[in-house]
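If you're wondering where the values come from, they're calculated on a predicted model, not measured in any experiment. So that the names make sense, note that chain A is the first sequence line, chain B the second, and so on, each numbered from 1.
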Number of protein chains: 2
Amino acid sequence: MARRANDSGPETRERALDIAEELVQRRGFNGFSYADIAGRLGITTASLHYHFPGKAELGRSLIQRYAERFAARLAEIEAAIPGARDRLEAYANLYAALLREGRFCLCGVLAAEYETLPAPMQEAVTAFFDQNEAWLTQVLEAGLAEGTLQLSGPAAAAARTIVSGLEGAMLVARPYGEVERFKAAAVQLLESLARAAPV
Amino acid sequence: MARRANDSGPETRERALDIAEELVQRRGFNGFSYADIAGRLGITTASLHYHFPGKAELGRSLIQRYAERFAARLAEIEAAIPGARDRLEAYANLYAALLREGRFCLCGVLAAEYETLPAPMQEAVTAFFDQNEAWLTQVLEAGLAEGTLQLSGPAAAAARTIVSGLEGAMLVARPYGEVERFKAAAVQLLESLARAAPV
DNA sequence: GTCTATAGGCAGATAGAC
DNA sequence: GTCTATCTGCCTATAGAC
């Protein structure tokens, strides 16, 4: 169905979240203001308060949407890519894509500012990491079952080290503006923690 | 030499840096104010401006002192610990000690806020990572020469993956308040990237 | 070195009109 | 939904006295 002439397109609320997401990924939750978002939207901060009562609620909505979209991407990977090894590579590429735009994982930034976040945001941040670890654990276990991967310990432990290793690789690579730095670390990390089983 | 009776002890400047360091490690550079430091010191913000003209200069001094102290610790490790494998473990323990106090690596936090930092601080952050990578590279190469370590690639590449892997392990472990999470990741990281050579 | 006093700006937020 | 107007508070910073 076509949009009406006076339809502003994507809901203001969604566009606000898009802008806020980018701002947090680039500058951190304490590094932007309502005025930054309102300015880019072409509305006033008062109007923005209509959509989000406060910055805490905005932040909460931000993580929730991010986690849902991330889960959808993980589901897509499972649907489109059969092998465990290739799924891991696709997973790392989700992060590389962010970095290519100069962004950082939303929950990675928020983890750095954790102590300053309102409680509801804090819980959502750890839930995101839990979600990632659970997905990776399942991929690694599938790789073991297929016989395509070798691990030196429990899958859950490897999953944790991979998640944190990739977050750290992004954290350090971004100041240098070198996506290659991230990729090299990611490859080495995956190859040494979940190496391909010999044929 | 004994201190005079009216000597306030450690210079106010140094005490200010101590407090600022802790605040940044816990809350980030955009998560504290001059008032936080002045309040804890029992002086006014105006007095604090006497020691540091602005927040940018304070931040710059902070990183510089942090990097110098860190370098001193690395030198101590080299002086006190002979084997490459044990040196790596001691290196990881430097980070674990921070985490035990609920702190994060100063430059790790600053990397997350990188885009919002004044230029002189930005350069100092990457210099810190460079310093760490250089030290680790040299330790890894010594381990290769001794025949006590096995690497799957160049020492410099492994060093980068170790630095970023440890930073990430801290980043993710802190929200959970679990030092064990960091330690498990650190052990796994070191064991798979710089494994002990078989006897 | 530290103070009082104060400036000027920006933050998040609210009331009420349209 | 968006506006104008306004509030209160905090922030960094400066001038000038002690």
Taking Glu113(A) for its side chain and Asn30(A) for its backbone only, find out whether a donor-acceptor pair lies under 3.5 Å.
yes

Side-chain (Tyr34(B)) to main-chain (Thr44(B)) donor-acceptor, under 3.5 angstrom
no

pair Leu88(B)-Leu149(B): side-chain heavy atoms closer than 4.5 Å:
yes

Please evaluate residues Arg85(B) and Glu191(B) with respect to the criterion salt bridge (Lys or Arg N to Asp or Glu O under 4.0 Å), reporting the C-alpha separation (whole Å), side-chain torsions for both, the decisive distance (0.1 Å), and the verdict.
CA-CA 9 Å; Arg85(B) 203 69 193 52; Glu191(B) 191 48 50; 2.8 Å; yes

Short heteroatom pairs, N/O only, protein and nucleotides 14-17 of chain D, under 3.5 Å:
none

Would you jot down, in residue-number order, the residues of residues 23-41 of chain A having a non-hydrogen atom under 4.0 Å from DNA chain D?
none

Ignoring hydrogens and geometry, is there a side-chain-to-backbone donor-acceptor pair from Arg174(B) to Leu99(B) under 3.5 Å?
no

Listed nucleotide nearest any side-chain atom of Thr44(B), set dT2(D), dT4(C), dA13(D):
dT4(C)

So does Glu11(A) pair up with Arg13(A), basic N to acidic O under 4.0 Å?
no

Is a side-chain N or O of Glu133(B) found less than 3.5 angstrom from the main chain of Asp130(B), in a donor-acceptor match?
no

Rounding to a whole Å, what distance do you find between Leu48(B):CG and dT2(C):C1'?
11 Å

What's the CD1-P distance between Ile43(A) and dT4(D), to the nearest Å?
12 Å

Grab the NZ-P distance between Lys55(A) and dT14(C) for me, whole Å please.
15 Å

For dC3(C), does OP1 or OP2 lie under 4.0 Å from any side-chain N or O of Ser47(B)?
yes

Qualifying residue, where the test is ring pair (Phe, Tyr, Trp, His ring centres under 6.0 Å) with Trp135(A) and the options are Phe70(A), Phe128(A), Phe129(A), Tyr91(A)
Tyr91(A)

Between OH of Tyr50(B) and C1' of dC18(D) the distance, given in whole Å, is 14 Å

